[in-house]
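Given the structure is predicted, the values throughout are model-derived calculations rather than measurements. The basis for the numbers below is simple: all heavy atoms, side chains too, and nothing from hydrogens, waters or symmetry mates.
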Number of protein chains: 2
Amino acid sequence: MTLLPQSSTALKRPGRLRADLHGELLEELRDLIVEGELPAGSRVAERVLCERFGVSRTPLREALKVLAAEGLIELLPNRGARIARLTAEDIAQTLKVIGTLEALAGELACERLTADEVVEIRALHLEMLAHHARRDRPAYFKANQAIHRAIVAASGNTVLAQTYAGLSGRIRRARYAANLDLRRWDEAVAEHERILDALTARDGAQLARLLRTHLDNKSYALAAHSPEALA
Amino acid sequence: MTLLPQSSTALKRPGRLRADLHGELLEELRDLIVEGELPAGSRVAERVLCERFGVSRTPLREALKVLAAEGLIELLPNRGARIARLTAEDIAQTLKVIGTLEALAGELACERLTADEVVEIRALHLEMLAHHARRDRPAYFKANQAIHRAIVAASGNTVLAQTYAGLSGRIRRARYAANLDLRRWDEAVAEHERILDALTARDGAQLARLLRTHLDNKSYALAAHSPEALA
DNA sequence: TCGTCATTGATTGCATGCAAAAATTATAGT
DNA sequence: ACTATAATTTTTGCATGCAATCAATGACGA
């Protein structure tokens with residue numbers, strides 16, 4: 001009765017491949033952190049996460065180690081995990097790097113952009129304008145991210161795209177939480193207009209410049225306006 | 001006799017803190033891969049690594065997951081780990097990103113370089129020249145890396161430094177294995193001379209340009225001369 | 001001889017167990 | 001009452017065990 005615990009336990013997640021657990025766990029944990037369900041700085045006990053996801057500690061711990069390597073959480077020796085607390089400095093530094101990566105992506109993209117890609121990015125841009133008109137921040141945020149991701153993807157450099165995704169993920173929480181003020185919002189949209197122009201004209205140098213300053217401005221706005229969102 | 005296995009086993013590593021195992025394992029595994037002891041593309045069984053390091057599978061697997069997330073190895077579902085095989089394209093893409101990061105680092109560094117840091121980098125540079133004069137490739141390689149790391153560190157941007165370290169680690173194996181030809185070697189040293197000049201003059205824009213082209217040239221040389229080193 | 005399928009052995013993925021460390025509570029002394 | 005120390009509970013870190021999957025070998029039939 002006490003034996004054969006594995007097959008009799010309620011832990012098993014239904015309809016999932018054995019080897020997919022790790023990837024799935026990572027996804028779900030990342031979501032949990034990014035959505036802010038686990039507040040920054042709070043300690044998370046393995047046990048509660050195990051019950052939350054219905055897995056044992058072994059795969060969960062493997063996922064935690066990966067998240068720690070990615071910088072999403074901190075692992076305190078013998079004291080478990082803690083959601084990484086982002087300082088304003090962390091965000092500023094990360095945005096600086098992201099800005100440079102996007103600038104490179106813009107340069108590379110201009111050398112190989114297909115017409116289809118331009119069409120798609122323009123469509124995303126128009127969607128974003130609609131969300132801006134409605135003052136729908138969450139939808140705007142999503143469309144905005146999609147545009148930047150699309151530009152990075154269009155660079156054709158997968159290492160660049162991966163690195164970008166990693167850094168973006170690290171600060172997505174803060175960016176999501178940050179409410180930009182209306183003036184900065186309008187400015188950002190105007191910048192995006194020029195970004196789209198440079199992209200359409202395949203002007204790599206100009207696009208790189210625009211993306212870099214766009215991110216620098218974002219950094220400034222974030223620090224000036226929403227320091228409390230960084231905790 | 002068969003019970004109490006933990007305290008009676010020979011597995012225990014002496015003189016090590018309990019919580020340090022993970023970090024140490026990561027280090028040693030990384031070394032093993034970078035030094036090329038585990039050839040690229042080869043599959044590695046958990047078991048042999050366990051015996052090699054004297055640990056059980058649990059901490060080893062945690063380390064493998066992290067290395068996989070870093071891109072040093074690939075995890076095949078149900079079939080263990082394989083040392084990542086770097087294609088020429090992988091290297092080129094990575095060097096492109098590294099070049100951009102170094103350029104940013106140079107720019108930032110010029111704005112905050114202390115006199116001490118310049119002295120230190122100049123010293124490293126002179127050491128590197130000595131190794132070049134002796135045609136001591138391994139020593140040159142080390143000094144060269146140290147200079148680039150120092151510039152990145154001088155940027156004061158830890159996110160940048162971490163990202164840089166991660167990408168560097170991923171391709172260090174290939175860079176180490178690659179023998180640059182003498183002409184390219186001399187060119188590289190000449191480029192470093194100009195890099196040091198820009199650094200001393202705190203000319204950030206120039207330094208950024210130099211670093212970017214320095215890396216672009218490295219990429220070209222690597223692809224042209226040592227494609228076999230990439231496997 | 002070759003290809004298909006079954007059987008065996010090895011390896012991975014995950015759950016659990018045990019001991020060390022930390023956190024918490026209880027107890028004693030001032 | 002309050003701090004300090006001891007006992008207890010909880011949590012973490014690692015080792016091990018079991019079942020699923022994969023790799024290898026052999027039997028069988030064409």
* Interface with DNA chain D, restricted to residues 57-67 of chain B and to heavy atoms under 4.0 Å -> B:R57, B:T58, B:P59
* To do: Let me know the distance between CG of A:N78 and P of C:dT24, rounded to the nearest Å.
  => 15 Å
* Specify the separation, in whole Å, of atom CG of A:L49 and atom P of C:dC14. => 16 Å
* Set of side chain to side chain donor-acceptor pair (under 3.5 Å) partners for B:T100, sequence neighbours left out -> B:R212
* Structure fact -> The side chain to side chain donor-acceptor pair (under 3.5 Å) partners of A:K218 (sequence neighbours excluded) come to none
* To do: Starting at atom CZ of A:R79, determine the distance to atom P of C:dT24, rounded to an integer number of angstrom.
  => 11 Å
* Tell me: CZ of B:R43 to P of D:dA24, nearest whole Å? -> 8 Å
Below 3.5 Å, can you tabulate the donor-acceptor pairs from side chains in residues 146-153 of chain A to any protein atom, sequence neighbours excluded?
| unit_1 | atom_1 | unit_2 | atom_2 | d |
| --- | --- | --- | --- | --- |
| A:H148 | ND1 | A:E102 | OE1 | 2.6 |
| A:H148 | ND1 | A:E102 | OE2 | 3.3 |
| A:H148 | NE2 | A:N144 | OD1 | 3.1 |
| A:H148 | NE2 | A:H192 | NE2 | 3.2 |

* How would you list all residue pairs meeting salt bridge (Lys or Arg N to Asp or Glu O under 4.0 Å) that involve residues 61-81 of chain B, not counting sequence neighbours? -> A:R61-B:E62, A:E62-B:R61, A:E62-B:K65, A:K65-B:E62, B:R30-B:E70, B:E46-B:R61, B:E74-B:R82
* Asked: Can you check the B:R47 CZ to D:dA23 P distance for me, whole Å?
  -> 19 Å
* Partners passing side chain to side chain donor-acceptor pair (under 3.5 Å) against A:E120 (at least two apart in sequence or in another chain) -> none
* Quickly work out the A:L75 CG to D:dT12 P distance and round it to whole Å. => 10 Å
* **For atom CD of A:E46 and atom P of C:dA22, their distance in whole Å** => 15 Å
* Would you mind reading off the distance between B:H22 atom NE2 and D:dA15 atom P, rounded to a whole angstrom? => 14 Å
* Asked: Can we say A:K96 and A:D216 salt-bridge, meaning some charged N sits less than 4.0 Å from an Asp/Glu carboxylate O?
  -> yes
